[in-house]
Amino acid sequence: LPALAAAESITVASTTSTENSGLFEYLLPKFQADTGIEVRVVAVGTGQAIRVAKNGDADVLFVHHRPSEDAFVAAGYGVKRFAVMHNDFVIVGPASDPAGIKGGDDAAQALAAIASSKSLFASRGDDSGTHKKELSLWQTAGVDPAASGTSWYRETGSGMGATLNTASGMNAYALTDRATWIRFGNKGELVILAQGDPVLFNPYGVILISPERHPHVRADAGQAFIDWLVSPPGQTLIGDYRIDGEPAFFPDAIETPPTE
Amino acid sequence: MNDFSNALSTAFALVTSLDRDLFEIVGLSLEISLTAVLVATIIGLPAGAALALSRFPGRRPLIIVLNALMGLPPVVVGLVIYLLLSRSGPLGSYGLLFTPTAMVIAQSVLVTPIIAALARQTVADLHEEYDEHLRAIGSGPLQRMATLLWDGRFRLLTAILAGFGRAIAEVGAVLIVGGNILHSTRVMTTTIALETSKGNLAIALGLGLILVTLAVSVNAAAMLLGETAHRRYG
Amino acid sequence: MNDFSNALSTAFALVTSLDRDLFEIVGLSLEISLTAVLVATIIGLPAGAALALSRFPGRRPLIIVLNALMGLPPVVVGLVIYLLLSRSGPLGSYGLLFTPTAMVIAQSVLVTPIIAALARQTVADLHEEYDEHLRAIGSGPLQRMATLLWDGRFRLLTAILAGFGRAIAEVGAVLIVGGNILHSTRVMTTTIALETSKGNLAIALGLGLILVTLAVSVNAAAMLLGETAHRRYG
Amino acid sequence: MAADTTDTNGLLPMVVDAVSYRAGDQALIDHVSFRLEDSRRTVILGPNGAGKSVLLRLCHGLLAPSAGAITWGGSTPAATMKRRGLVFQRPVMLRRSVAANIEHVLKTQGIGRDRRRGLVSAALDQAGLKSLAHRQARTLSGGEQQRLAIARAWLLEPAVVLLDEPTANLDPGATRAVEELIIRLGATGAKILMTTHDIAQARRLAEEVMFLHHGRLLEHRPAVEFFAGPRDPDAADFIAGQLIN
Amino acid sequence: MAADTTDTNGLLPMVVDAVSYRAGDQALIDHVSFRLEDSRRTVILGPNGAGKSVLLRLCHGLLAPSAGAITWGGSTPAATMKRRGLVFQRPVMLRRSVAANIEHVLKTQGIGRDRRRGLVSAALDQAGLKSLAHRQARTLSGGEQQRLAIARAWLLEPAVVLLDEPTANLDPGATRAVEELIIRLGATGAKILMTTHDIAQARRLAEEVMFLHHGRLLEHRPAVEFFAGPRDPDAADFIAGQLIN
Ligand SMILES: Nc1ncnc2c1ncn2[C@@H]1O[C@H](COP(=O)(O)OP(=O)(O)OP(=O)(O)O)[C@@H](O)[C@H]1O
Ligand SMILES: Nc1ncnc2c1ncn2[C@@H]1O[C@H](COP(=O)(O)OP(=O)(O)OP(=O)(O)O)[C@@H](O)[C@H]1O
Ligand SMILES: [Mg+2]
Ligand SMILES: [Mg+2]
């Protein structure tokens, strides 16, 4: 088998939602053209991404769960967290909308309506950032969906895409990040029903793995990637990214006016 | 690697805690995989034997395809069954998607070619020896198949166990058609995948350990049963 | 189900577009799985034969465990190898994680028990016939193993093909240890899983179709080669 | 004994018409023609590799001729198979008990459980295998296996019995018993077609001799004439115990 | 012929001391003791199922006695196996060509490629299988398989040869050739221990007879004495061609 490590290459541990959105496919060739550095993305569940990073099997961590990111840096695994961008979560469901949440912009209220109408809801149930966000919304709504006897609440224990496939298969409501949703090809009868609540804000951070803890980390190249992401050109590129004509991510590192 | 020792103690803790969820999951895994293997055996053994015994144009390509189907990707099988059973699919009206039945169907589809292909080889080997005698006494195709399957039953056990191994370890297909829904379609492998994606490697490994132990037990039971029968009925 | 016809046309479009990425992925899939099967064959055939021929205390439990290991969950294998190859693992200094080599290792671990268990049964069957002659001429254990493997080589092909089927269809382990990195460790099954998670079911099915076609080709090649050799060298 | 088409169940005359059997570029049976009209005991003689076993397989329909045709009372060998018994030179033992090996043949012929029991026990008796009924057939001694094979072929008192070296592994007493059985069967009108290497046995049993060599049928004559003076020089050498080529 | 421990390569005397072999609760060989001191040709006689084949297997070390001990020149049967040749009643044919079947034995004994070639071709010649050298051994006729088995056992001119019904499937000429070979071998000092059902052959070949019945050794005497008048009534019946129980 060929030796794969190019002269300059780094490994980034990230989440499936980022990968599935197509953002990396769009950004990385441009980064490589600018710097000659090849970026290899390992896209796994948030928990596993952090685990991979802790073990020193990646140079850069790129995820979206702020508390875990801060804990990661605080424990000395990472050098520093940089805010990169955000997108938002939306609530999708069958176009027939049995819970009647269409057009709402209060996420907790929407969930409460789903619960009271006992409409099917597909939860990721995998402790991911998205799942944690969903659980906090239920709490706000004052519903304990996992209580026994709730047959409408289905924990799929899977990634975003798999959960959406399940939701599409059973015509259930689900919480998803916008980027994955726009890109998702098996929507079936599902459409976006509720969005725009500020609590649905979904920030992404990027962290260089500590070279002190893992001396083999390619710190220079890794930092170059981070610097590039948060630099004006990088931020502009992120802001310009479109899926099916829709913006998917909003740059956070600097003030960049949307190009529309 | 404290992960390994963690895994061991986690597995131990899981089992000794007599966790109801764990039993549910283990029970469902066994139920689904054993049912699927039963279905696959009922279909695969006669199919494999028929392929070993009969001569017809297109038989050799069929054997090649059958052997190749041992490499059917679970995710693809899962997808096809998902599309068939989905509400908007041709069989949607039965409402089987995301039920254990769907998982049994998926595993049966995966395992049948394995059992059939291995059975074909086994029956063909025995056939080499029996062929002339069976033909000489005027044994018909079905009778020949029955004789060879019966006399080869202890050798065929390995083929069936290979099928069981594939079924119980499989995750791609059951995840898609079952949905890994808690208290409903969550089995051991989908739980392991879930815990892995959470980064709970010790739990995942611990569950893996339990799964392998389970597989060993089923194999041991099958082999002991087979051998007892072998000794008693020759 | 327009998904199925979509899948077909997608597969067709993918292949005829002569997409460089597709070729890369297909090539890597084949390279990894064939290498893994080679490794597993080199280890599994002698191991299975040895188990069929030798008599030692603990042999029967070992056979049971070996049969059970056919049901080794890929995710667990992936995890264990991940932990071993991880930078903080015992073999971390080799930097093998997220490389094709790691994927070969994972598939070899998965496939070796399959080939060994099926080879054991095959060799044991042949041994039943050859045993007395080989012992009578004073054949040593290694010589006996060599004779039985050689004379059983065409039957063993099915075992090896079963191993190949498992390897090429496997996704759980290679996903964990390979990381599904574009242009580096992305193979057919991980691509199918990825496209599925994107909801691109037609593409996933199309790739699955190509994968099955690939498996058929490899099987056909192996069987034709085997038969040509069979005819020529008896 | 005269031709008796009733007793031989309409299987006679048996006609072998210009039959050849080729494996690769070699003719194992080379343009052989003969008729068996009546239920006399016919013995096929010939050196090792002459093609005797191949010829018996062709006659029973286990092999299909490369050229020529074989008929039993006008029907194909395959269609009449169940009305004949065949004993192989190297009998196949099913991985079952001795009794189950016999019963298997009866099951194949669709005979009900009750009748099976009696037939199995009678066959075991006759073959002297009563005490071994529940033993794995594959652990039987050489002679016991051959007895079992003969018992299996005899079972339903077929109209025609083909035997390939049936007494090669039998002790003198058993050989005598089988020879007596063959004579008894022949006397009831069954047709016997057998091979043997034992010239003395051939002299005792044969009413008609076929001498096969290199796949060619060189003589086909009444036994008395043949043993009095074979026309073929190889046949003369053969019964004199010479190596022939 | 006198005892000749040089020619028999230190394998004699062969001592069988109170040997029994049990399968389940049945004694297949029942407390058998004998000594073979010299290289005379010893023939084991006995009816089907007497235990002849089992006894030969015990002697060669393929079966281990349930009780008692067997030694060849003081060594175990297993340790001396390569210095003996054994021909089974039902020979095993490897799934290889005829020549490869012979060569396989030589390879097993670690004989170099050059010497192998000569030995294989000589053995094929002697067995009359030259023209069949490249044929799949399993397609050979019954007699051809037996010839091949004998050629394999003979190959390295072992000091002791055990033969189980070696001529059961051979034609008269080949039988005569094998008998001559056996006599020639015996004359060079090799020890022959064989079984046969052919009383005439036993009379021709045996210098010493062992009569086995129900796993028990009932007589062990010089052939002349035995054939002149066996002491055991069963043995008398046996050589008279009676069925014995
Ligand atoms: N499938 C085959 N392919 C090639 N040659 C074969 C095949 N079967 C038999 N033969 C050859 O055909 C010849 C005749 O075989 P057959 O078994 O009929 O001999 P036979 O007369 O019965 O000899 P024997 O007395 O030794 O039993 C032999 O030389 C044998 O090797
Ligand atoms: N593994 C076994 N288990 C049980 N019985 C056996 C086994 N092997 C042989 N026998 C029985 O032991 C007896 C002696 O067998 P053996 O083969 O030695 O007989 P033999 O004297 O060689 O007879 P033949 O002349 O028919 O070849 C037979 O009744 C046979 O069925
Ligand atoms: Mg023959
Ligand atoms: Mg015997």
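For clarity, every value in this text was computed on a predicted model and none was experimentally measured. Within every chain, numbering begins at 1; the chains are lettered A, B, ... in the order of the sequence lines, protein sequences first and strands thereafter.
- For B/Arg59, the CZ atom sits in a packed shell: over 12 heavy atoms of surrounding residues, nucleotides or ligands are nearer than 6.0 Å.
- A 6.0 Å sphere centred on CD of B/Glu128 holds more than 12 heavy atoms belonging to other residues, nucleotides or ligands.
- For D/Leu62, the parts lying under 4.5 angstrom from a heavy atom of chain B are both the backbone and the side chain.
- D/Arg115 has no carboxylate O lying under 4.0 Å from a charged side-chain N of D/Glu103, or vice versa, which leaves the two without a salt bridge.
- There is no contact between D/Arg135 and chain B, counting heavy-atom distances below 4.5 Å.
- Between the side chains of D/Arg57 and D/Ser53, no donor N or O sits under 3.5 Å from an acceptor N or O.
- D/Arg138 touches chain B through its side chain: at least one heavy atom from C-beta onward sits under 4.5 Å away, while N, CA, C and O do not.
- Interface remark: B/Glu129 contributes backbone and side-chain atoms alike to the contact with chain D (heavy atom separation under 4.5 Å).
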